[in-house]
2 protein chains.
Amino acid sequence: MIRRLSQARERGIPEATVARLPLYLRALNGMAERGLATVSSEDLAVAAGVNSAKLRKDLSHLGSYGTRGVGYDVEYLIYQISRELGLTQDWAVAIVGVGNLGRALANYGGFVSRGFRVAALLDADPEVVGDHIAGLSVEHIDELEAVIRRRGVSIVVLATPAAAAQQVADRVIAAGVTSILNFAPVVLAVPEGVDIRKVDLSIELQILAFHEQRKTDRMTGGPAMAEEWPEAVDL
Amino acid sequence: MIRRLSQARERGIPEATVARLPLYLRALNGMAERGLATVSSEDLAVAAGVNSAKLRKDLSHLGSYGTRGVGYDVEYLIYQISRELGLTQDWAVAIVGVGNLGRALANYGGFVSRGFRVAALLDADPEVVGDHIAGLSVEHIDELEAVIRRRGVSIVVLATPAAAAQQVADRVIAAGVTSILNFAPVVLAVPEGVDIRKVDLSIELQILAFHEQRKTDRMTGGPAMAEEWPEAVDL
DNA sequence: CCCACTTTGTGCACCGGTTCACAAAGGGAC
DNA sequence: GTCCCTTTGTGAACCGGTGCACAAAGTGGG
C-alpha cells in the first residue's frame, strides 16, 4: 500500500477533526474488542455519533486508509489514529492541586487511558503533602520545577483554586511545559506557543440552564415547579 | 430606557454566543466586587479573553444595553446576562454516580455557584448509599424517578461508569429531564429535544497530546526523555 | 451650542467547517 | 473479462461565526 504524503498528510489537520479523532478511536476500540475486522464509514459514524461524510473527510486528512467497496480495517485504523494523536508515545502528566477534583482525576481510570501516565501529584497544603493517592505520594508545590524536569512531564493538569491557577501556570510554563489542561475557573494568560484547554463545569451547567429555560418557557411560561412535573412520557 | 424586543432579542441567540456569556458574567462579577460601575467593551473583552468586536456583537444579541462613549453598566449587564442564562431561577441538579468524580462534583464549590443547587446524589452501590456528602445523603438509584419528580430536578449530571450511562440517561429522560451533563466516556443516544453536554477528560488530554507531539517533533524529533522513571501506576 | 473625543452597534468580507451528491475505485459473481 | 454492487474520497455549495472598519450615538469642555 502506497502512503500518500501529499498536502493532506503532514499538513495541518483541521482542529475540528483532531477533536473527533479520539471519538473514532474509542468506537474502534470497542469494535476491535467485539472482533470486527473491517467497518464502513456509515457504521463507524453511527457509533461515534457523527455524519458519515464528515467521518470520511476527517479520515481522508490522515491519508487514504480505506478500501472502496469494503470499508476500513479496524486494527489498521486504530494504529493510524493512535499514531496521529501521539498515543504511541508515553506522556507523563502532573496534576497540580489535590483537592476533591484533583483526587478524582488521579483516581479516575477512564480519564487516563492509553499513552498517559500520572507521574506526579503536587499541592501547596502541608496537610495534604505526603498523602498517598492512586499509588503516588503528594509532593509539595516547591518541588514543581524539579519534578517536571526529572520525570519528563510534558502535560500539566491544573486543579487548583482559581486564585492560584495563573501563578502555577506561569511556573510550569517557565519550566518548559507547553500543554495545560485547566480546570480552574479563570481565563489564563499564556504566551504564544502554549496550548491551553479549559474544562469549566460551571459554564457547562449555565449553557444547559439557558436551553432548559427556553424549553420550559415555551411550554409553561415559567420554570417547572416541584410536584407539578408531568408523569413520565413513554419514549 | 427603551428596551428593543426586535428580531435580535427573544429570537435565537447564536450558540457560540451562549457559550461565552458565562465567561462575561464571571469577569463582570469580579469587576463588581472591585467596585467598578461601568466597563468598556475593550476592558471586558480583555478580562474574558476575547476580541472586543465579538463581545459587542454577543451583547448586541441580548439588546442594546451599552451607552456609546461610556460603556456598559456593570450591575445592569450582570442582571441581563443572568436573566438570559436563566440564573435568576433556582435549578435543582441531581448527580448520578457517587464515585470519585461524583464526590468531587458534589463538593466543588465553584461548580454550583449561582442559581444551581445539588438536590440529590444517587448511586447503585449499596456500599455508598447512605453516605453523607456535602450535606446530602446518597440515595439508591431505584429512587431516581421519585427523587426527580419530588424535588423538581431539571438538570442531571451523569458521573456513572460508561457501561451504566446510557441506561441511566434513558431513565432520567423518561422521567422528564431534558438537560444532561455527561461525564461518562460514551456517546449517548437521546431523542430529539434533549440537550446533552459532554465533558470528556480523556479526549481533552488526547487533543493536547496531538499538539504536544507536533511541537516536540518539530524541535527534537521525539518526546522529552525522563531522567527518572516515576513510580506511577499505568492507568 | 458646537466641536472634539470616546465607545457602541453593525455591515460586510472572509474563513473554517459541514453536508450533499457523485465520480472513482475496488470486490465478487459468472 | 465484464457487469453490477458497495463504499470511499472529494468537489462544491452552503452555513455559522469572526473580525475589520466605520457610521451613529452619546459625553464633556469651552
Side-chain angles (χ1 to χ4, degrees), chain A residues 1-9 11-21 23-24 28 31 36-74 76-77 80-81 84 207 211, chain B residues 1-9 11-21 23-24 28 31 36-74 76-77 80-81 84 207 211:
Chain A
M1 177 183 297
I2 303 201
R3 175 115 47 76
R4 299 182 314 132
L5 291 175
S6 61
Q7 69 288 355
R9 191 65 190 68
R11 277 267 55 81
I13 294 176
E15 195 54 36
T17 296
V18 173
R20 282 187 294 266
L21 290 180
L23 223 54
Y24 304 152
L28 284 165
M31 289 168 173
L36 273 75
T38 62
V39 64
S40 71
S41 64
E42 184 58 37
D43 290 352
L44 182 52
V46 168
V50 303
N51 175 298
S52 71
K54 191 190 293 186
L55 179 129
R56 288 197 299 278
K57 190 154 284 188
D58 283 343
L59 295 185
S60 77
H61 286 119
L62 315 189
S64 282
Y65 297 137
T67 306
R68 294 173 194 231
V70 177
Y72 300 87
D73 183 279
V74 173
Y76 187 57
L77 197 51
Q80 290 299 343
I81 294 178
E84 195 64 50
I207 295 171
H211 292 295
Chain B
M1 178 183 298
I2 301 198
R3 174 115 48 75
R4 298 183 314 134
L5 290 174
S6 60
Q7 68 288 352
R9 192 61 191 70
R11 273 273 55 82
I13 295 177
E15 194 55 36
T17 296
V18 173
R20 281 187 295 266
L21 290 181
L23 224 53
Y24 304 152
L28 284 165
M31 289 168 175
L36 274 74
T38 62
V39 64
S40 71
S41 64
E42 184 58 36
D43 290 353
L44 183 52
V46 168
V50 304
N51 175 297
S52 71
K54 192 190 292 185
L55 178 129
R56 286 197 299 275
K57 191 158 285 186
D58 283 343
L59 295 184
S60 77
H61 286 119
L62 315 189
S64 284
Y65 297 137
T67 306
R68 297 175 193 227
V70 177
Y72 300 88
D73 183 279
V74 173
Y76 187 57
L77 196 50
Q80 289 299 343
I81 294 179
E84 195 63 49
I207 295 170
H211 292 294

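Please read all numbers here as calculations on a predicted model, not as lab measurements.
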Query raised in the report: Which atoms form the tightest heavy-atom contact between A:Ser52 and A:Ser41, and what is the distance?
Result: CB-O, 4.0 Å
Requested in this report: By nearest nucleotide on DNA chain C, pick out whichever of B:Gly66 and A:Ala16 is the more 5' one.
Outcome: B:Gly66
Query raised in the report: If you round to the nearest 0.5 Å, how far is CG of A:Leu28 from CG of A:Leu36?
Result: 10.0 Å
**Report entry** Length of the line joining B:Leu62:CG and C:dG9:C1', which is rounded to integer Å
**Finding:** 13 Å
Query raised in the report: Given D:dT7, is OP1 or OP2 found less than 4.0 Å from the side-chain N or O atoms of A:Tyr65?
Result: no
Requested in this report: Grab the OH-C1' distance between A:Tyr72 and D:dT6 for me, whole Å please.
Outcome: 13 Å
Query raised in the report: Hey, is the side chain of A:Thr67 poking within less than 4.0 Å of OP1 or OP2 on C:dG26, counting only N and O atoms?
Result: no
Query raised in the report: Among A:Leu77, A:Thr17, A:Val50, whose side chain to side chain contact (heavy atoms under 4.5 Å, CB included) with A:Tyr24 holds?
Result: A:Val50
Report summary line: Closest non-hydrogen atoms of A:Ile207 and B:Glu15, given as atom of the first, atom of the second and distance, are CG2-OE2, 3.9 Å
Query - Residues touching DNA chain C, which here means a heavy atom under 4.0 Å, drawn from residues 46-59 of chain B - result: B:Arg56, B:Lys57
**Report entry** Intermediate values then yes/no, side chain to side chain contact (heavy atoms under 4.5 Å, CB included), A:Leu59 and A:Gln80
**Finding:** CA-CA 10 Å; A:Leu59 295 185; A:Gln80 290 299 343; over 6 Å; no
Report summary line: Rounded to the nearest 0.5 Å, the NZ atom of B:Lys54 sits from the CZ atom of B:Arg20 at a distance of 5.0 Å
Query raised in the report: For A:Glu42 and D:dG9, what is the distance between atoms CD and C1' respectively, to the nearest whole Å?
Result: 15 Å
Query - Atom-to-atom span, NE2 of A:His61 to C1' of D:dG11 - whole angstrom - result: 13 Å
Query raised in the report: Has the side chain of B:Arg68 got a donor or acceptor atom sitting under 3.5 Å from an opposite partner on the base of C:dT7?
Result: no
Query raised in the report: A:Ile13 has an atom CD1; how far is it from atom P of C:dG17, in whole Å?
Result: 12 Å
Report summary line: Heavy atoms of B:Leu62 and B:Tyr65 approach each other most closely as O-OH, 3.2 Å
Requested in this report: Provide, to the nearest angstrom, the distance between the CD atom belonging to A:Glu15 and the P atom belonging to C:dT18.
Outcome: 11 Å
Report task. Check whether any side-chain nitrogen or oxygen of B:Ser40 sits under 4.0 Å from OP1 or OP2 of C:dT7, and answer yes or no. Result -> no
